[in-house]
Amino acid sequence: MTTLKRITAATLTRAKQAEEKMVWLTAYDAASAQIAEAAGAEVLLVGDSLGMVSLGFDSTLPVTLDHMIHHTAAVVRGRSKAWVVCDLPFGSYQQNPEQAFLSSVRVLQESACDAVKIEGGEHMANTISFLSERGIAVVAHIGLTPQSVKKFGSYGKRAKDDAGRAQLIQDAKAVAAAGAVCIVLENIPADLGTEITNMLDTPTVGIGAGNHCDAQVLVWNDLLGISASNPPFAPAYANVRAVMSDAISRWAADVKAGQFPKA
Ligand code: KIV
């Protein structure tokens, strides 16, 4: 029997120490998990971006714990050795550490994933240590936190002025000290991404945070060019939307013309 060496939280720390970049990608179902992993993704993030890219919502706020568990379980079924992280959705963890614990237990038990991700810095540190002390691997997410879009009014760059930078550094230190196994840095100045990455032993995962982060993550639909439009920091490496559209329209034309199936 061959033993599969799974990626774990310890792999991320070792990679940082060895200065090896890690590849994260979002995935929302078993097929995308298999394709992503076979092509080199080491961590599969079931982001609550699910709500916007797959479920047709106009923000991540309507995403529920049931949605996340349903899709994360599919990703887990599709993965072979990748580390699978599930976003705790809006409203499932902010109330208090106990609520976050119960939501994490549901996610871990019902999807069999490896870690949960929560948005927020210093103010979520208590919750992160509560979960971490109880054996849960927590990924923190700071900078642009899409679940707070109603408060900030946009998905624009964060920590642009001195006060914002100082707060983000404090956020990063607080979540690291609380036991976060790694920290997603979203849409912040590149030099701040570098500063935080150099300052901490905890690995950082950048998305619009410059190329010095320990890992990089992109949203599946953005990377592949399926999204109707991409954020400026997420270049498409293909135009899969056009490929899909072309295949469907050629097939539809054949059906209309009575040429499918051929006989
Ligand atoms: O929901 C998501 O896909 C995310 C990534 C953008 C980091 O949180």
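Hydrogens, waters and symmetry mates play no part in the numbers below; they use all other heavy atoms, side chains included. In each ligand, atom 1 is the first atom listed, and ligand 1 is the first ligand listed.
- Other members of a hydrophobic cluster containing Val243 are absent, since no ILVMFWY side chain comes under 4.5 Å of it, directly or through relayed contacts.
- A donor and an acceptor atom, one from each side chain of Glu186 and Tyr155, are nowhere located under 3.5 Å apart.
- For Phe260, the ring pair (Phe, Tyr, Trp, His ring centres under 6.0 Å) partners two or more places apart in sequence, or in a different chain, are Trp251.
- Taking the six-membered ring where the residue is Trp, Phe57 and His67 present tilted rings, their angle falling between 30° and 60°.
- Connectivity analysis of hydrophobic side chains (ILVMFWY, heavy atoms under 4.5 Å, direct or indirect) links Leu61 to Phe90.
- Counting non-hydrogen atoms of neighbouring residues, nucleotides and ligands closer than 6.0 angstrom, the NZ atom of Lys173 reaches no more than 12 such neighbours.
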Return a table of N or O atom pairs, ligand 1 on one side and protein on the other, at distances under 3.5 Å, rounded to 0.1 Å.
from, atom 1, to, atom 2, distance (Å)
ligand 1, 1 (O), Asp48, N, 3.2
ligand 1, 1 (O), Asp48, OD1, 3.1
ligand 1, 1 (O), Ser49, N, 3.0
ligand 1, 1 (O), Ser49, OG, 3.3
ligand 1, 1 (O), Asp87, OD2, 3.2
ligand 1, 3 (O), Ser49, OG, 2.5
ligand 1, 8 (O), Lys117, NZ, 2.8

